[in-house]
Amino acid sequence: MIQIDDTLISLDLLERHFICDLGICKGACCIEGESGAPLEEEELPLLEEALPEVWDDLSPEAQAIIEEQGVAYVDSDGDLVTSIVNGKDCVFTCYDSDGTCKCAIEKAYREGRVRFYKPISCHLYPVRITKYAGFTAVNYHRWDICKAAELLGAREKLPLYRFLREPLVRRFGEEWYHALSECAAAYNAEG
Ligand code: SF4
């Protein structure tokens, strides 16, 4: 475990290798699981603002769920999460011609149609952030659906924290990421 300010970071971020291999997993993390993607309170209005722009990209089932309960709900753990269809797919999923699942919000952002990239929890996945009294835990959520990403990451020798540089900087800032990189260098030097 590494501590930077009030964050406790699992050594998995340094030791595990990871590069998403969409050709194999087909973006399964947006589909599998029993709950939606965790949302920060301040992200809810940003999702609602983006909704009209992505509406036509969503499935009729997703549109019906959103009309009924909105873009988010509170799950059985008491967390605010994105709404889901059939108990698993995020309502914001859309599909490429080759069947790869994509995020409709991210797609619209890349096309310059919305100002919200996507929820930080999705951007950070497979890292999960959990807030406790006095500290924030930063952990690797290991899941079978990402097996190909571990293999590709190992082939390319890319540690998880480096694969997730952009979202980690978005969430914790450049200084924090720099401190983590220095910890990783010291840890690797120790062997
Ligand atoms: S996090 Fe896992 S399931 Fe999601 S795109 Fe990456 S490898 Fe695929």
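For ligands, and for the atoms within them, numbers begin at 1 and follow the listed sequence.
- Looking from atom 7 (S) of ligand 1 to the surrounding protein, the closest heavy atom is A149 CB, 3.6 Å.
- Checking side-chain atoms of D79 against main-chain N and O of D75 turns up no donor-acceptor pair under 3.5 Å.
- The side-chain tip of R128 does not point at the ring of Y140 from less than 6.0 angstrom away and within 45° of straight on.
- Ring pair F18/F163 is tilted by interplanar angle, where 30° to 60° counts as tilted.
- Taking backbone and side chain together, C29 holds no N, O or S atom under 2.8 Å from atom 6 (Fe) of ligand 1.
- Atom 1 (S) of ligand 1 has Y125 CD2, 3.5 Å as its closest protein atom, hydrogens excluded (heavy atom only).
- Note on I145: it does not cluster hydrophobically with L164, by side-chain heavy-atom contacts below 4.5 Å among ILVMFWY residues.
- Hydrophobic clustering, with ILVMFWY side chains joined whenever heavy atoms are under 4.5 angstrom apart, groups F92 together with L44.
- Atom 4 (Fe) of ligand 1 has no N, O or S atom of C25 closer than 2.8 Å.
- Closest protein heavy atom to atom 6 (Fe) of ligand 1: C20 SG, 2.3 Å.
- Nearest protein neighbour of atom 2 (Fe) of ligand 1, counting heavy atoms only, is C146 SG, 2.3 Å.
- D5 and T7 share no donor-acceptor pair across their side chains, judged by distance under 3.5 Å alone.
- Per-residue contacts place L22 under 4.0 angstrom from the following atoms of ligand 1 (heavy atoms of the residue considered): 5 (S).
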